[in-house]
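Sequential numbering from 1 along the given sequence is applied to the chain's residues.
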Amino acid sequence: MDNKVLYQHERLDNNKLFYVGIGNITRAYSKHGRNQYWKNVVNKVGYKVRIIEKNLTWKAACEMEKC
């Protein structure tokens with residue numbers, strides 16, 4: 001099904017990328033199920049979500065994530 005998104009999370013203090021992920025649109029904004037590094041960054045400086053691409057298949061999203 002073509003409902004996956006490729007997203008990234010950026011730090012609010014310096015706008016640098018610290019996470020790239022694949023999932024449905026709600027996963028991009030979810031704080032649940034994240035690793036400790038992600039939680040440490042978010043707790044310290046906050047983050048913003050940037051949707052890179054929408055309506056992807058899982059395979060296409062995985063290929064894009066590698067770049």
Side-chain angles (χ1 to χ4, degrees):
M1 194 163 207
D2 299 347
N3 64 347
K4 302 299 181 227
V5 297
L6 179 66
Y7 63 92
Q8 64 186 37
H9 292 161
E10 297 175 3
R11 298 169 57 113
L12 290 181
D13 62 338
N14 61 15
N15 293 318
K16 292 196 178 197
L17 170 70
F18 74 96
Y19 185 82
V20 176
I22 299 170
N24 59 32
I25 194 72
T26 57
R27 177 62 178 153
Y29 295 92
S30 175
K31 293 183 177 181
H32 299 288
R34 303 295 183 175
N35 64 36
Q36 194 60 49
Y37 171 76
W38 188 94
K39 291 175 185 176
N40 290 343
V41 170
V42 170
N43 289 336
K44 185 173 182 181
V45 300
Y47 75 109
K48 63 183 171 184
V49 177
R50 184 178 311 267
I51 304 298
I52 304 302
E53 195 74 41
K54 295 180 182 179
N55 300 318
L56 297 169
T57 63
W58 182 260
K59 184 177 178 180
C62 287
E63 287 300 315
M64 291 183 75
E65 184 185 35
K66 291 178 190 177
C67 297

Interatomic distance, CG@Asn3 vs CG@Asn55, rounded to 0.5 Å, equals 8.0 Å
For Lys44, what residues pass the salt bridge (Lys or Arg N to Asp or Glu O under 4.0 Å) criterion, not counting sequence neighbours? none
Test question: given the 4.5 Å side-chain rule for I, L, V, M, F, W and Y, name all other residues clustered with Leu12, or answer none. none
Residues which pass side chain to side chain contact (heavy atoms under 4.5 Å, CB included) with Val20, listed by chain and number, not counting sequence neighbours: Leu6, Gln8, Leu17, Glu65
Salt bridge (Lys or Arg N to Asp or Glu O under 4.0 Å) partners for Arg27, two or more places apart: none
Decide yes or no for Tyr7 and Tyr29: does some side-chain heavy atom of the first lie under 4.5 Å from some side-chain heavy atom of the second? no
Can you list every pair that meets salt bridge (Lys or Arg N to Asp or Glu O under 4.0 Å) and has a residue in residues 48-61, with sequence neighbours left out? Glu10-Lys48, Glu10-Arg50
Residues which pass ring-ring contact (aromatic ring centres under 6.0 Å, His included) with Tyr47, listed by chain and number, not counting sequence neighbours: His9, Trp38
Which salt bridge (Lys or Arg N to Asp or Glu O under 4.0 Å) pairs, counting each pair once, include a residue from residues 28-38, with sequence neighbours left out? none
Please determine whether residues Trp58 and Ile51 belong to a single hydrophobic cluster, defined as Ile, Leu, Val, Met, Phe, Trp and Tyr linked transitively by side-chain heavy-atom distances below 4.5 Å. no
CG/Asn35 to OH/Tyr19 distance, rounded to the nearest 0.5 angstrom? 7.0 Å
Using the side chain to side chain contact (heavy atoms under 4.5 Å, CB included) criterion, which residues pair with Asp13? Sequence neighbours excluded. Arg11, Val45
